[in-house]
Number of protein chains: 2
Amino acid sequence: MAPTLRQRRQEKTSRDIRLAALELCTTKGLDSVTAEAISARAGISLRTFFNYYPNKETAIVARPPGFPEKAIAAFNTGHGSLAEDLTDLLRAHLALLDEDRDIMLLLHELLRDNKVLRAAHEASLKLLHSDLADILAHRMTGQSRAMVDLFAGTVLIATGQLVQSMQDETPLADRAPEAWTKLRDLADLIR
Amino acid sequence: MAPTLRQRRQEKTSRDIRLAALELCTTKGLDSVTAEAISARAGISLRTFFNYYPNKETAIVARPPGFPEKAIAAFNTGHGSLAEDLTDLLRAHLALLDEDRDIMLLLHELLRDNKVLRAAHEASLKLLHSDLADILAHRMTGQSRAMVDLFAGTVLIATGQLVQSMQDETPLADRAPEAWTKLRDLADLIR
DNA sequence: GACATGAATTGCACGCCGTGCAAGAAGTGC
DNA sequence: GCACTTCTTGCACGGCGTGCAATTCATGTC
């Protein structure tokens, strides 16, 4: 299914807007960047900007890459331990982040400085949370939904801490096992 | 230190605004309630509204009650197990929520329906998170800050699940031990 | 009780946000 | 090339949030 011209144009505009937003923000800070300025730089009208994104923040934060279909399938049918298969799942996710390493680092800066942006980011992490909980539910049939949620949340905090330290040269994907190590340590702490 | 007239008036206006906001929202929904309408109902000018709250959302969500000083001190000097002392700390926190039970239930409704409100709520929970992490750090001197954060986050998720089920008649404070039970179960799950 | 002082309230003006609508431009399928 | 859908754009509008300066009001002092 080759992408039609329309689709390609949309992809491009969407990317153009994001780039324009990021460029402007890194130099002037989000607060003093107006949606109008972003639109102008992206070469579209203000009205079109709001056709693509509901506000400045989401243009910058966007939807984070989730878990690849293939990795989900592998996890569902996986025959390793929960620890092993989950680590593989996280690895696939982190690999996607590695692909956009430069953008991520840039974003990381912006998130540190701007409150509204952090809120938008939190919101998108919430989506990840329920995605992960849904996935985990397949392998944790004996557990209550609340427990699955708690588990998913904890996993995401641990994973988030990895992303926090993205300055390290090592690709995040290679560090996936650290997440589980953290969880083990946490479990030790609780008991 | 008797509160001066000025202070009492401020307290009152602050409460008036919150009440006006809650009342209007429950009948018409946050989206169709303007800051101007809230101000009018609270008997103040629009400009004054923004002197008290930076936006509609925070007027409704406000700052959640944190951990009482006394409980923090008791936790710091506590000689029970971490589990016991932490449960006491959570109990003190949940007791504050019980005091505002009616408002909490109302808020719970609103949070379910409104996205922006949820974001504001998340943000205020973030403050709780770092509060708790700071407190825990005193009793977890052997641990890295990351581990303390992870632990605090997990505790808060578990506690949040309790709050979710506030419809139950039982006061939240009495159910504090359930939080630790959840954590034990989680730890079992991980190992 | 009058008065000086500093803080809170208010109105006004302004720029930005985000949306509904309708006209026009552009791609798609035949 | 011709109908069709879809995307873009301009326009108008209401709401948000802030800076500023005028005014009102609590407070402490004499």
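Treat the numbers as computed from the prediction; the structure is a model and nothing was measured.
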When you get a sec, tell me which of [options] is the closest nucleotide to the side chain of [X]?
{"X": "A:S45", "options": "C:dG18, D:dT9, D:dT18", "value": "D:dT9"}
{"X": "A:T13", "options": "D:dT8, C:dG27, D:dA26", "value": "D:dT8"}
{"X": "B:F50", "options": "C:dT10, D:dC7, D:dC16", "value": "D:dC16"}
{"X": "A:R47", "options": "C:dT28, D:dG19, D:dC11", "value": "D:dC11"}
{"X": "B:T48", "options": "C:dT10, C:dC17, C:dT28", "value": "C:dT10"}

Nearest whole Å is fine: how far is [N] [atom2] from [X] [atom1]?
{"X": "B:N55", "N": "D:dC16", "atom1": "CG", "atom2": "C1'", "result": "9 Å"}
{"X": "A:R6", "N": "C:dT28", "atom1": "CZ", "atom2": "P", "result": "5 Å"}
{"X": "A:Q7", "N": "D:dT5", "atom1": "CD", "atom2": "P", "result": "18 Å"}
{"X": "B:E36", "N": "C:dC12", "atom1": "CD", "atom2": "P", "result": "12 Å"}
{"X": "A:D31", "N": "C:dC17", "atom1": "CG", "atom2": "P", "result": "11 Å"}
{"X": "A:L5", "N": "D:dT6", "atom1": "CG", "atom2": "P", "result": "16 Å"}
{"X": "A:K56", "N": "C:dG18", "atom1": "NZ", "atom2": "P", "result": "8 Å"}
{"X": "A:L24", "N": "C:dC16", "atom1": "CG", "atom2": "P", "result": "14 Å"}

Using a heavy-atom cut-off of 4.0 Å across all strands, would you classify [X] as base, sugar-phosphate, or nothing?
{"X": "B:N51", "value": "base"}
{"X": "B:L46", "value": "nothing"}
{"X": "B:Y52", "value": "sugar-phosphate"}

The residue, B:A35 or A:Q10, whose nearest nucleotide of DNA chain D is more 5′ is A:Q10
I want to confirm an ordering. Mapping A:F49 and B:Y53 to their closest nucleotides on DNA chain D, which one lands closer to the 5' end?
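Its nearest nucleotide lies further toward 5', so the answer is A:F49.
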Carboxylate-amine/guanidinium proximity below 4.0 Å for B:D188 and A:R191
yes
Are A:L111 and A:L22 joined in one hydrophobic group, where the rule is that I, L, V, M, F, W and Y side chains link up if heavy atoms are under 4.5 Å apart?
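Yes, A:L111 connects to A:L22 through the hydrophobic network.
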Establish, from distance only, whether the side-chain atoms of A:R47 and A:S39 form a donor-acceptor pair under 3.5 Å.
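Not at all, the side chains of A:R47 and A:S39 share no donor-acceptor pair under 3.5 Å.
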Tell whether A:R8 reaches the base of C:dG27 with its side chain through a donor-acceptor pair below 3.5 angstrom.
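Absent.
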Please confirm whether the shortest side-chain N or O distance from A:R9 to OP1 or OP2 of C:dG27 is below 4.0 Å.
yes
What orientation do B:F67 and B:H93 show, parallel under 30°, tilted 30 to 60°, or perpendicular over 60°?
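It falls in the tilted class, 30° to 60°.
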Would one find more than 12 heavy atoms of other residues, nucleotides or ligands at under 6.0 Å from atom CD of A:Q167?
yes
